[in-house]
**Q** 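Okay, handing you the structure first.
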Amino acid sequence: MNEITVTLPDGSSRRVPTGTTPGTVAAGISPRLAKAAIAAAVDDHLVDLSWPLERDARVRVVTSDSPEALHVYRHSTAHLLAAAVTSLFPGAQCGIGPATEEGFFYDFVVDRPFVPEDLDAIERKMKELAAQDLPYERQLWNRDEAKQFFAGRGEALKVQLIDEKTEGQAEVSCYTIKDRETFVDFCLGPHVPSSGRLKAFKLLSTSNAYWKGDAKNQPMQRIYGTAFFSDKELQAHLSRIEEARKRDHRKVGKDLGLFTFHHWAPGATFWLDKGTTLYNALANYMREVLFPAGYVELKTPLVFNKGLWETSGHWQHYRENMFLIEGRDGEEMGMKAMNCPGHMLVFASQMRSYKDLPLRFHEQTPLHRNEASGVLTGLTRVRQFSQDDAHCFVTEDQIGSEVEALLRLVQRVYGDFNLEYEAKLSTRPAEFLGEVATWDRAEAALKQALQTAGQTYTVNDGDGAFYGPKIDFDITDAIGRKWQCATIQLDYQIPQRFDLKYVGADNAEHTPVVIHRAIFGSFERFIALLIEHYAGAFPLWLAPVQVTVLPIADRHADYARTVLARLEAAGLRAEVDERQEKIGFKIREAQLQKIPYMLVAGDREAAEGTVSVRNRVLGDLGSQGVSEFLEQALREVRDRSAASAPVASEV
RNA sequence: GCUGGCGUAGCUCAGUCCGGUAGAGCAGCUGAUUUGUAAUCAGCCGGUCGGGGGUUCGAAUCCCUUCGCCAGCUCCA
C-alpha cells in the first residue's frame with residue numbers, strides 16, 4: 001500500500017496510508033483530540049476531518065482553541081439553520097449563508113416574511129436536528145447533475161451560484177446533512193463532522209435582504225444568529241449585547257440630557273445645553289490641535305447657486321443627496337453637502353505662491369445631506385452634521401510629508417480619547433479619473449507615509465474614490481457596528497475642475513493637489529462613539545457639568561454658593577443642588593448624571609472653609625480646602641486626564 | 001429608498017390577540033421633613049393612545065393611509 005508523510009505542528013511526522021483522513025490522524029494522536037476536532041488545516045488550507053490525504057502534507061487539527069474554528073462552527077450552524085427552514089417551510093429557497101464576525105446569517109426566498117414566533121420554531125427544529133447528531137458529508141457531484149438536482153428542487157439561486165462560481169469545472173462540492181433528502185447545499189466547506197457538535201446557538205433577528213445585495217434583485221428574508229462552542233460563552237455574548245445596549249448613545253444621550261430629535265426635523269439634532277457644552281469643548285479642542293499645526297479656520301456659505309455644484313460635479317453625481325432650494329427669482333440653489341467646493345473658491349480668490357503651500361483650510365460649519373430615510377440612525381447617521389473638515393493644498397512632492405503629518409494627527413487625537421481604531425487604505429477603483437501613473441505614485445506615497453508613521457492598516461483594493469486614493473479610519477460602536485470617522489483623501493480632480501493655480505519657483509503656473517481630511521469625521525458621529533466609549537462618564541475636561549456642590553441642609557446654601565462662585569471664577573462648569581433632599585438622594589442623582597465631582601458642604605466644611613470631595617468613580621475622598629480641590633481639578637482639566645473616566649469596556 | 005417590527009403621560013412600560021368610561025412606577029407640582037456620601041413621607045396634577053380617514057351603537061384595540069423611530073439591506077462622515 002502507498003504511504004505518505006504527514007507533518008504535525010510540533011514538527012514530528014508519521015507515515016500513513018494514502019487516503020488517510022485528518023480525523024484518523026487526530027484519533028491516532030489521542031482520543032481526546034479526535035473528540036475536540038472541528039476541521040483540519042492541510043498545508044494551511046482548511047478542510048473537513050474526512051478529507052482524504054493524497055500526498056505528503058503538513059496537517060494541523062483544528063479544535064475549538066484554533067482561531068479559525070469558530071468560523072467553521074458558525075458556518076455549519078448556518079447550514080443547520082437552512083436545513084431547519086427548508087424542513088419547516090417547504091418551498092423555501094436558499095441563498096447564501098456565511099459566518100460573520102459576530103455569528104452567521106442565511107438568506108431565504110419564502111412566501112411570507114419570518115415573524116418572531118417562526119424564529120422560535122426554527123430554533124427548536126435546529127436543536128432537534130443537532131440532538132440527532134446527523135453527519136455533515138462532503139460530496140463531489142457532477143456539475144450538470146448538481147445543477148439538475150437543485151433545479152429539480154426549485155433552488156434556482158443555487159443553480160445560478162454553481163454557474164457563476166464553478167465555470168469550467170467538472171465537479172462541484174456539495175454538503176449534505178444526513179442525506180440528500182434531508183438537506184443539501186452547494187458549498188466549499190469545511191464543516192464540522194456532524195450536527196451533534198453544534199452545542200450553543202441562538203437566532204437573533206430577521207430582516208430583509210436582496211439577492212446579491214442589489215435592490216434590483218429578488219427580495220429575500222435574512223435570519224441572523226450566533227453560535228459558540230459552549231452555552232457559557234453564548235450566554236456571555238448575549239449579556240455583552242445587553243450591556244452594550246445600556247450604553248447606546250441614543251439612550252445615554254436622553255438620560256443625560258445631551259440632545260433630542262423631533263419628527264419635524266428627521267435626521268437633524270437638537271443639541272440641548274449639556275450636549276452643546278460637550279460639542280463646544282470638542283470644537284475648541286480641535287482648534288487647539290489644528291492651529292499650531294498650521295491650519296486657518298474659515299466659515300463659508302451654506303447655500304450656493306447650482307453653478308458651483310455644476311463646476312464641482314456634484315450637480316451631476318450627488319444631486320439626489322442634496323437639499324435643493326429655489327431662490328426668490330427662481331434660481332436653483334443647493335445647500336452644501338461638503339465644504340470642498342467653497343474652499344476651492346477661497347483658494348482661487350487670490351494669487352497663490354508655492355511659498356504659501358501647504359495651505360490648510362479648516363471649517364466646522366454645518367452640512368446637509370438628504371440621506372435616504374431608512375439609513376438615519378441616532379447621531380451616527382444624520383442629515384445635518386458638521387465635520388472637523390479641512391482641505392490641504394499641496395504640491396505633489398508635499399503629499400508624503402503632509403499625509404504623514406495627518407496620520408500623526410489622527411494618532412494623537414484618538415490617543416487623547418483612548419479610542420481604538422482601524423485604518424484602511426483604499427486604492428484605485430475600476431472607474432477612475434486621471435492617469436494610472438499618477439495613481440500609482442499617490443498610492444505609493446500613502447503607503448510610505450503609513451509606514452513612516454508606524455500605522456498598521458489593511459488594504460481595500462479598488463475601494464478608493466474616483467478622484468484619488470484614501471485612508472479611512474473606523475471606530476466600533478457599543479453594539480459592534482463599525483463607523484468611518486477620520487479620513488484622508490487625495491484629490492487630483494477638484495483643483496482642475498476649479499482651475500486652481502499657484503506660481504511655482506520656476507515662475508510658471510502649477511495645479512496643486514488637494515487633500516480632503518477629517519479627524520473626528522463628524523462631530524455628531526464622533527460624539528455618539530465617545531458617549532458609548534465612556535458610557536456617558538466623560539473625562540473631566542469634557543463633562544458638561546464638572547462639579548456639583550451639595551449643601552447638606554438649607555443653612556449651608558450660602559456657603560455652597562460661595563464655593564460655586566469660586567469654581568465658576570476658575571472656569572469650571574459647576575452647579576449647586578439646593579433642593580430640600582437628603583444628601584444620599586442628591587448624590588444618587590449626581591452619580592446617575594455621571595458628574596465627575598460632588599462637593600458635600602455641611603456644618604464642618606462651612607466652619608473650616610473646606611469641601612468634602614466625592615469622585616464619581618473613587619467615592620468619598622475626604623475633605624479638602626477649596627483651593628486645593630480647585631488646583632487638582634484644573635490640572636485634571638488641563639491634562640485632559642481620563643483618570644476618573646474609565647472607558648466603557650472597563651466599567 | 002426597500003423589507004419587517006414598533007409608536008399609550010416628560011421617561012420606562014401594562015392594556016391591543018378577544019372593541020365597551022385609559023392604568024402603574026419614576027419625573028413634575030404642593031405640603032410636611034432640615035437631612036452627612038446611591039432613592040424621606042403624604043397628597044395632587046398629568047394622555048383627543050403619533051397624525052388623518054374608514055368600519056361600528058361604540059375604536060388605544062379592527063381596516064386603509066401618512067409621519068416618525070428601530071433592525072437589516074443598499075448608500076455614506
Side-chain angles (χ1 to χ4, degrees), chain A residues 105 107 112-116 118 204-224 245 248 250-251 254-255 257 260-267 318 320-321 337-339 367 369-389 465 472-475 479 481 483-487 489 516-526 528-529 550-557 579-593 598-605 612-616 618-623:
Chain A
F105 66 81
D107 289 344
R112 61 163 178 86
F114 294 118
V115 297
D118 293 332
L204 298 173
S205 60
T206 62
S207 75
N208 163 260
Y210 296 95
W211 176 236
K212 300 193 165 190
D214 189 336
K216 289 196 285 289
N217 288 341
Q218 188 160 16
M220 305 185 72
Q221 293 298 317
R222 176 170 296 181
I223 297 181
Y224 281 93
R245 283 193 212 291
D248 186 312
R250 290 165 294 197
K251 172 173 167 49
K254 187 179 277 184
D255 291 347
T260 190
F261 288 93
H262 192 276
H263 62 266
W264 283 344
Y318 201 73
E320 66 171 17
N321 280 311
M338 46 271 294
N339 291 305
L367 304 176
R369 297 185 185 173
N370 199 356
E371 302 283 0
S373 56
V375 305
L376 303 178
T377 314
L379 286 179
T380 42
R381 191 74 184 270
V382 286
R383 287 190 175 140
Q384 182 196 311
F385 60 100
S386 293
Q387 298 180 322
D388 60 324
D389 201 7
D472 292 324
F473 295 79
D474 286 351
I475 301 179
I479 59 175
R481 292 184 290 205
W483 296 96
Q484 187 190 313
C485 291
T487 186
Q489 309 185 357
H516 308 256
R517 41 107 295 164
I519 299 176
F520 290 157
S522 77
F523 284 94
E524 284 73 8
R525 181 174 292 179
F526 194 75
L529 293 162
L550 309 178
I552 299 273
D554 285 353
R555 64 179 179 280
H556 309 120
R579 292 176 301 174
Q580 295 182 15
E581 300 287 352
K582 295 166 88 168
I583 196 68
F585 179 86
K586 294 182 183 181
I587 284 172
R588 175 180 156 80
E589 298 240 312
Q591 288 282 155
L592 291 175
Q593 283 296 303
M598 289 150 264
L599 304 183
V600 177
D603 290 332
R604 205 165 54 231
E605 290 78 9
S612 179
V613 179
R614 182 186 165 98
N615 175 287
R616 75 179 158 203
L618 305 172
D620 192 350
L621 300 178
S623 69

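In what follows, chains are A, B, ... by sequence order, proteins preceding strands, each numbered from 1.
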**Q** Which whole number of Å gives the distance between the P atom of B:G23 and that of B:C64?
**A** 29 Å

**Q** For the C1' atoms, the ones on B:C44 and on B:U48, what distance do you get once it is rounded to whole angstrom?
**A** 23 Å

**Q** For RNA chain B, whose closest nucleotide is more 5', that of A:V600 or that of A:Q221?
**A** A:Q221

**Q** Just by distance, do the side chain of A:K586 and the backbone of A:P551 share a donor-acceptor pair under 3.5 Å?
**A** yes

**Q** Given the C1' atoms of B:C63 and B:U55, what is the spacing between them in whole Å?
**A** 7 Å

**Q** Which nucleotide sits closest to the side chain of A:I587: B:A77, B:A71, B:A38?
**A** B:A38

**Q** Kindly point out which of B:C76, B:A38, B:U35 is positioned nearest to the side chain of A:E371?
**A** B:C76

**Q** Considering residues at least two apart in sequence or located in another chain, which fulfil the salt bridge (charged side-chain N to carboxylate O under 4.0 Å, His left out) criterion with A:D474?
**A** A:K424

**Q** Give the nucleotide from the list B:G36, B:C73, B:G28 with an atom nearest to the side chain of A:I583.
**A** B:G36

**Q** Of all residues at least two apart in sequence or in a different chain, which pass the salt bridge (charged side-chain N to carboxylate O under 4.0 Å, His left out) check with A:D107?
**A** A:R222

**Q** Mind checking if A:R369 touches a base, just sugar-phosphate, or nothing, with heavy atoms under 4.0 Å?
**A** base

**Q** Does any nucleotide pair with B:U61 by Watson-Crick or G-U wobble geometry, both distances under 3.5 Å, and what is it?
**A** none

**Q** With rounding to whole Å, what would you report as the distance between B:U16 and B:C6 at their C1' atoms?
**A** 13 Å

**Q** Sub-3.5 Å donor-acceptor pair from the side chain of A:S522 to the main-chain atoms of A:R525, do we have one?
**A** yes

**Q** Heavy atoms from C-beta onward define the side chain here; which of B:C73, B:A77, B:U37 lies closest to that of A:Q387?
**A** B:A77

**Q** Produce the list of close N/O pairs, under 3.5 Å, pairing protein atoms with atoms of nucleotides 6-12 of chain B; give distances to one decimal.
**A**
| residue | atom | partner | partner atom | Å |
| --- | --- | --- | --- | --- |
| B:U12 | OP1 | A:K254 | NZ | 3.4 |

**Q** Applying side-chain hydrogen bond (donor to acceptor under 3.5 Å, both in side chains), name anything that partners A:S623, two or more places apart in sequence or on another chain.
**A** none

**Q** Look at the side chain of A:R381 and the base of B:C75, then say whether one donor and one acceptor between them are separated by less than 3.5 Å.
**A** yes

**Q** Can you tell me if the side-chain N/O atoms of A:R250 get under 4.0 Å from OP1 or OP2 in B:A71?
**A** yes

**Q** Could you tell me the Watson-Crick or G-U partner of B:G72, where both distances fall under 3.5 Å? Say none if there is no partner.
**A** B:C2

**Q** For A:E524, answer base if it contacts any base atom (sugar-phosphate contacts may also be present), sugar-phosphate if it contacts only those atoms, and nothing otherwise; contact means non-hydrogen atoms under 4.0 Å.
**A** nothing

**Q** For B:C41, which nucleotide is its Watson-Crick or G-U wobble mate, given both distances must be under 3.5 Å?
**A** B:G31

**Q** Over how many whole Å does the gap from A:L592 atom CG to B:A27 atom P extend?
**A** 11 Å

**Q** Within the structure shown, what part of the strands sits under 4.0 Å from A:G257 by heavy-atom distance: base, sugar-phosphate, or nothing?
**A** nothing

**Q** Only pairs with both distances under 3.5 Å count, Watson-Crick or wobble alike; so what is the partner of B:U16 in this structure?
**A** none

**Q** With both distances under 3.5 angstrom, what nucleotide forms a Watson-Crick or G-U wobble pair with B:G36?
**A** none

**Q** Tell me whether the side-chain N or O atoms of A:Q591 pair up with the base of B:A39 as donor and acceptor below 3.5 Å, since no angle test is needed here.
**A** no

**Q** More 5' along RNA chain B: A:T487 or A:R614, using each one's nearest nucleotide?
**A** A:R614

**Q** Kindly point out which of B:U35, B:C73, B:A77 is positioned nearest to the side chain of A:K582?
**A** B:U35

**Q** With sequence neighbours left out, write down each residue that passes salt bridge (charged side-chain N to carboxylate O under 4.0 Å, His left out) with A:D554, or none if nothing qualifies.
**A** none

**Q** Under the salt bridge (charged side-chain N to carboxylate O under 4.0 Å, His left out) rule, collect the residues that match up with A:R555, sequence neighbours excluded.
**A** A:D603

